[in-house]
Amino acid sequence: MDSTTGSSTEAREDPGWLGIEEASPFTGKNKVTKVAAEAKQWSSLVNATLVVLIMTMPPLIFIGGRLGAPTVWIKSTVANLSAPDREESKKDALLGGLLVPGFDEQSCVSRYQSVYYRKNMTRQPSPYLIKKLREHEALQRRCGPSTELYIQATERLRSGQQVLDSNDGCNYLVLISYRGLGNRLLATTSAFLYAMLTNRVLLVDPGHGNTLPKLFCEPFPGTTWVLSSDFPVTNFRDLEEAAPENYANVVLNRSRSVTGLRFVYAFLDHASSQASRLVYCDDHREFLHRVQWMILRTDQYMPPGLFYNPVYREELDRMFPRKDSVFYIVSRYLLHPSNEVWGMITRFYNSYLKKADERLGIQIRVFDDKPLQHILDQVLACTSQEHLLPGVVSTGGGTPSVSTAAGGRSRSKAVLITCLSSWYHDNIREMYWKSASTDGEVVSVHQPSHEGRQHWYHDEHDMKALAEIYLLSLTDKIVTTGWSTFGYVAHALGGMTPYITVKPQNETVPDPPCMRTVSMEPCAFTVPHFDCAKKNFGEDNPPRMPNVRTCEDAFWGVKLTDAE
Ligand code: GDP
């Protein structure tokens with residue numbers, strides 16, 4: 001079986017009952033011939049198949065579904081796991097109904113195996129969110145690529161025909177992919193949430209070189225989220241803030257008239273004007289819902305901005321009773337590394353991190369090619385201040401008091417460092433090689449790659465970045481660099497509140513060198529600095545709002561918290 005294409009015999013068999021002719025979820029070339037129109041039909045198909053599975057396949061694991069989702073037996077992933085994991089063989093791979101059953105397991109191993117690498121979920125998906133997800137999956141299947149409705153919608157877009165109030169219920173949100181991987185992952189989770197709130201089918205630009213399918217599995221069963229290369233708006237990646245289709249222009253210069261526009265464009269780049277951010281205030285009952293195609297450019301995390309809109313807020317409150325769980329839950333639903341990336345993650349984890357008593361992640365984001373001593377000093381000051389790493393005995397110093405683990409052996413700590421440069425890793429590793437730790441703890445230091453500098457649209461580079469973000473998310477505690485979306489995604493995916501290093505001034509270690517954040521949510525830079533009711537442009541900061549706090553590392557950014 002070719003693990004990168006998922007073209008196993010099973011992969012060909014399973015989609016048969018989904019009504020798919022050719023199974024190739026990784027290439028996005030599925031031909032959906034008969035799409036189950038209703039979620040109900042989907043559910044009964046699943047049930048029928050499951051009965052057959054139960055009767056014919058003895059080595060199964062029981063996984064309980066919730067909320068009317070079928071109770072599911074899935075084929076065991078245990079055979080692929082090593083011995084210690086087998087002891088935990090009863091884990092709920094579908095995360096309490098968050099994930100839908102029915103995918104071919106071998107085509108996306110991470111979807112079923114990640115539960116064995118992660119800690120138990122600390123935030124549960126609400127029944128309302130699960131219901132909305134099942135409805136959204138049905139929408140993606142009913143209107144998604146290759147369906148008759150999609151072909152009609154793209155034909156209308158191609159022919160320049162304006163489509164308002166389409167009566168087939170198929171509206172679309174196209175996400176433009178740009179910037180680094182952390183930015184893209186924040187944008188993708190945001191776009192998905194926005195698509196759910198506005199009942200739009202999400203289609204993601206796979207990027208130059210079609211990178212998306214090489215990084216992630218398809219999240220929705222029986223369809224693809226990959227925007228096809230023949231998307232009729234050929235220059236969509238070049239759309240700028242000044243485009244006539246930009247929401248700000250439609251509101252401010254066209255009196256909300258969309259006459260003559262083939263689509264509406266939302267420009268929510270980190271450098272967007274406050275006028276462009278008005279899109280957060282559209283409650284989709286205004287005019288936006290009438291437009292069939294919407295194109296979104298963002299490199300940002302949108303959910304805090306969506307909370308500024310009273311209508312979205314009501315819906316989000318129902319979906320996420322705990323406000324600090326938005327990225328954590330949405331990312332677990334949406335972001336399943338491809339088999340190739342999953343192999344990179346698990347090989348590294350099993351080789352270097354698994355056996356340690358504790359794992360510490362340190363993400364160092366540097367923009368300078370040359371080593372920066374003050375950055376190294378800052379990281380070490382942080383790990384010392386927060387008791388994340390032991391000190392080392394100075395040469396000729398006394399005998400350390402030994403910290404022991406179960407069985408009387410020394411406690412071990414594995415440190416995962418991610419950085420474009422290897423210098424920081426080399427220094428920290430050498431420190432624990434040359435000297436004993438003060439508490440006798442055995443500290444091992446590891447870095448998967450040191451790419452030197454950031455590359456754009458380079459598959460292998462992006463795959464390494466994803467593997468490292470994911471590995472960081474599997475640690476127990478984490479230190480991240482302020483302002484870095486790479487770090488934001490790593491800690492939020494892992495459900496950790498990080499120790500964040502703030503930007504040093506004048507090459508001096510700040511005091512304190514780092515601080516613990518109030519929430520595991522990513523920081524959002526591009527939120528309205530106005531009240532949606534007043535539209536009072538000109539404010540320096542976002543208005544105060546329940547469950548929204550100023551970020552520790554950026555006074556102009558906000559993040560969701562559980563505290564009022
Ligand atoms: P940000 O610029 O820190 O907000 O993070 P982004 O992820 O958006 O962009 C930085 C990009 O640089 C990443 O996507 C990677 O391509 C690269 N990069 C930065 N730091 C690392 C790292 O520690 N490991 C790897 N493999 N790549 C990195």
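Atoms within each ligand, like the ligands themselves, are counted from 1 in listed order.
Near Thr418, meaning under 4.0 Å from any of its heavy atoms, are these atoms of ligand 1: 23 (O). For ligand 1 and Thr485, the ligand atoms under 4.0 Å from any heavy atom of the residue are 1 (P), 3 (O), 4 (O), 5 (O), 6 (P), 8 (O). Interface of Cys419 with ligand 1, defined as ligand atoms under 4.0 Å from a residue heavy atom, comprises 22 (C), 23 (O). In the vicinity of Ser449, heavy-atom distances shorter than 4.0 Å reach the ligand 1 atoms 26 (N).
With hydrogens and angles disregarded, no donor-acceptor distance shorter than 3.5 Å links the side chain of Arg111 to the backbone of Phe103.
At the top of the distance list for atom 11 (C) of ligand 1, counting protein heavy atoms only, stands Gln454 CD, 3.3 Å. Remark: minimum distance from atom 9 (O) of ligand 1 to any protein heavy atom is reached at Gly180 CA, 3.4 Å. Protein heavy atom closest to atom 7 (O) of ligand 1, with residue, atom name and distance, is Gly182 N, 2.7 Å. Looking only at protein heavy atoms, the nearest one to atom 18 (N) of ligand 1 is Leu420 CD2, 3.5 Å. Counting only heavy atoms of the protein, atom 14 (O) of ligand 1 lies nearest to Leu181 N, 2.8 Å. Atom 13 (C) of ligand 1 has Phe486 CD1, 3.9 Å as its closest protein atom, hydrogens excluded (heavy atom only).
Nearest to atom 26 (N) of ligand 1 by heavy-atom distance, out of Met463, Glu468, His270, is Glu468.
Ion pair Lys214/Glu340 not flagged as a salt bridge, since none of the NZ, NE, NH1 or NH2 atoms sits closer than 4.0 Å to an Asp/Glu carboxylate oxygen. Salt bridge present: Asp205 and Arg237 bring a charged side-chain N and a carboxylate O closer than 4.0 Å. At a threshold of 4.0 Å, the pair Arg411-Glu358 counts as salt-bridged, since one of the basic side-chain nitrogens sits closer than that to a carboxylate oxygen. Lys323 has no carboxylate O lying under 4.0 Å from a charged side-chain N of Asp562, or vice versa, which leaves the two without a salt bridge. Under the 4.0 Å criterion applied to side-chain N and carboxylate O atoms, Lys559 and Glu552 are assigned as salt-bridge partners.
Of the polar atoms of Asn183, at least one N or O is found under 3.5 Å from an N or O of ligand 1, judged by distance alone. Checked by distance only, ligand 1 and Arg365 come closer than 3.5 Å through their nitrogen or oxygen atoms. The N/O atoms of Ile364, backbone and side chain alike, include none that comes under 3.5 Å of an N/O atom in ligand 1.
Under the 30°/60° scheme for interplanar angles, the aromatic rings of Phe220 and Phe192 are found to be tilted.
Under the 6.0 Å cut-off for aromatic ring centres, Phe231 and Tyr172 do not qualify, their centroids lying 6.0 Å or more apart. Ring pair Phe530/Phe537: centre-to-centre distance below 6.0 Å.
For His461, the heavy-atom gap to ligand 1 drops under 4.0 angstrom.
Inspection of the Arg118 and Gln113 side chains reveals no N or O donor paired with an N or O acceptor under 3.5 Å.
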